[in-house]
Amino acid sequence: MVKKPRLLPPKSNFPEWFDQVMFLAEIADFTYPLKGCGVWLPFGWELRNNIFNVMRRLLKETGHGEVYFPLLIPEGIFMKEAHFIKGFENEVYWVTHGGLKELDVKLALRPTSETPMYHMFSKWIRSHADLPLKVWQLVNMFRYETKATRPMFRLREVTSFKEAHTVHATEEEALKQVEQAVEIYKRFFDQLCIPYIISKRPPYDRFPGAKESIAFETILPDGRTLQIGTVHYLGQTFSKAFNIKFLDRDGVEKYAYQTCYGVSERVVGSIIALHGDDHGLVLPPNIAPIQVVIVPITFKEVPGVEEYSKEVYEKLKNHFRVELDLREKRPGEKYYHWEVRGVPVRVEIGPEEMRSKTATLVRRDTFERIKTDLDDVVGKIEELFNDIKSNMENRITSWFESMVKKAETFLSLSGEAKDAVYHLIDENGEFKGGVVEVPICGDVECEMKISKFVDILGEPWERVGEVKGMCICGKPARKIVRVSKQY
RNA sequence: GGGGACGUGGUCUAGCUUGGCGGGAUGCCGGCCUUGGGAGCCGGAGGUCAGGGGUUCAAAUCCCCUCGUCCCCA
């Protein structure tokens with residue numbers, strides 16, 4: 001029997017729960033007195049590093065080199081591409097002073113690194129043999145958000161911005177790279193047990209300067225969608241602005257084709273938000289900072305339990321990230337302590353286990369207790385890790401699929417609610433959450449009408465079959481768009 | 001851009017109306033007792049009441065300014 005926790009609000013109260021769990025699980029401290037900025041705490045930072053190491057591995061496997069570019073960008077470089085300037089003019093921090101002296105050239109704090117990178121790319125690239133160029137970095141970036149900021153999800157200092165940038169000789173190659181980027185992100189989110197949909201953003205919602213923008217979205221427990229990754233095909237927009245040219249085999253100098261793709265600490269927030277429960281975090285074992293915790297249950301009149309728990313620790317320490325909790329606290333308090341931190345497996349060691357040379361394993365995801373012989377404990381935990389991961393996947397996937405619905409039509413022009421709106425809004429007009437796939441004719445005016453009610457995510461990236469149904473305007477539909485409410 | 005609310009030990013908060021010893025909860029430290037789901041008891045540390053100025057015999061409290069945070073509307 002598992003008791004209900006007292007200190008953490010129930011997850012059904014998601015905003016409160018999220019803020020509290022960040023604090024109680026020692027992920028981050030957002031009491032720093034600056035809007036949109038927070039402090040990563042050791043446990044949270046380790047979780048963040050484990051998550052981005054999954055990405056690091058994937059990018060290395062696919063031939064991306066890790067780099068570091070400066071945070072400060074001279075104004076002249078920042079201002080080279082018109083779409084880009086326009087897209088970021090409202091949210092750039094500018095450094096204007098060095099000490100007391102006003103700077104001759106003001107400096108932007110990067111809101112993303114296209115401009116400094118592409119300035120350097122134009123120096124590095126001379127011939128087709130220099131291509132493709134594929135680099136990435138994990139850095140902080142700054143955006144002067146004017147809307148309400150939220151820990152992990154909308155920040156003024158994004159501390160963990162993974163941005164990859166590639167340069168190619170041909171459009172065909174660059175488009176192939178876009179597909180590879182999508183594949184990399186799929187594998188990344190799969191390994192983190194984050195469910196997603198992939199949508200092609202409509203032209204008016206593309207990254208500034210991009211020819212195509214593809215977005216990964218997940219759905220948070222309150223039903224709103226959260227963009228967790230983007231892949232952009234840039235064409236020659238930036239190569240022309242930054243003069244990224246190469247001499248091709250045919251002796252002709254040509255502008256290169258580019259792509260870029262990014263994710264941020266929103267993935268950390270998503271894992272916390274999607275898998276957590278009333279007891280706190282539930283983490284996939286592969287990224288959990290502590291994978292196994294051993295809690296000895298000692299009695300004054302029964303000596304030897306602590307020694308036995310150390311024996312168990314020695315058995316496990318070379319296989320897992322293990323913590324042996326010898327603090328002088330009662331077992332119950334320790335259970336709550338490690339549960340809120342999402343430790344996947346707890347090992348309880350008391351007099352009974354000591355006598356029988358066994359261990360009691362408790363799964364974080366289901367609280368199920370499993371007894372095992374000490375000799376089998378390593379294999380049993382490995383087995384449990386697999387079970388936990390697939391259980392987490394299964395239960396989040398079935399929830400997620402139930403949140404993505406298909407509609408036959410949107411709503412009539414008179415404003416009368418029809419199919420699609422019923423899926424998103426209840427009888428009282430309250431947002432129910434989720435995503436609806438709706439057939440539309442493809443005229444921008446119709447999309448504009450729809451976007452007065454909901455946010456348009458774009459068309460599904462995956463091939464869709466024959467499109468049926470009717471657009472808001474009454475004409476037969478020719479494509480599908482996904483709509484929702486976004487963060 | 002416009003409007004509103006708030007700022008008190010680490011965290012949360014009472015006190016402000018009507019000026020008069022800054023109190024509690026939680027967390028932290030020490031001790032006793034205990035340990036199979038946050039137990040209990042005793043003791044203790046911890047404060048620039050956001051900052052500055054003003055009114056007053058006296059300001060967390062009233063007035064002004066600044067800073068910061070949150071919320072609502074465009």
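Here is the naming used below: chain letters follow the sequence lines, and residue numbers restart at 1 for every chain.
- Consecutive Watson-Crick or G-U pairing (both distances under 3.5 Å) extending over three or more pairs maps onto RNA chain B as B:1-7 with B:67-73, B:10-13 with B:23-26, B:28-32 with B:40-44, B:50-54 with B:62-66.
- Separating the CG atom of A/Leu8 from the C1' atom of B/U26 is a distance of 15 Å, rounded to the nearest angstrom.
- Listed candidates were B/G37, B/C70, B/U35. Nearest to the side chain of A/Tyr335 is B/G37.
- Salt-bridge formation is detected for the pair A/Lys357/A/Glu311: a Lys NZ or Arg NE/NH1/NH2 atom is positioned less than 4.0 Å from an Asp or Glu carboxylate oxygen.
- Less than 4.0 Å separates RNA chain B from at least one heavy atom of each of the following residues of residues 299-317 of chain A: A/Phe299, A/Lys300.
- Classification of A/Lys310 and A/Glu307 as a salt-bridged pair fails, no side-chain N sitting under 4.0 Å from a carboxylate O.
- In this structure, the nucleotide among B/G36, B/U69, B/C28 sitting nearest to the side chain of A/Leu34 is B/U69.
- B/U18 and B/C12: their C1' atoms are spaced 28 Å apart (whole Å).
- Taking for each of A/His337 and A/Glu328 the nucleotide of RNA chain B with the nearest heavy atom, the 5'-most of the two is the partner of A/Glu328.
- Listed nucleotides B/A39, B/G37, B/C70 differ in distance to A/Lys35; the shortest reach to its side chain belongs to B/C70.
- Looking at A/Arg330, its side chain has no donor and acceptor atom pair within 3.5 Å of the base of B/G36.
- Nearest nucleotide to the side chain of A/Arg346, out of B/G36, B/C70, B/G37: B/G37.
- At the phosphate of B/G37, neither OP1 nor OP2 sits under 4.0 Å from any side-chain N or O atom of A/Lys334.
- Here the nucleotide nearest the side chain of A/Glu333, chosen from B/G37, B/A39, B/G36, is B/A39.
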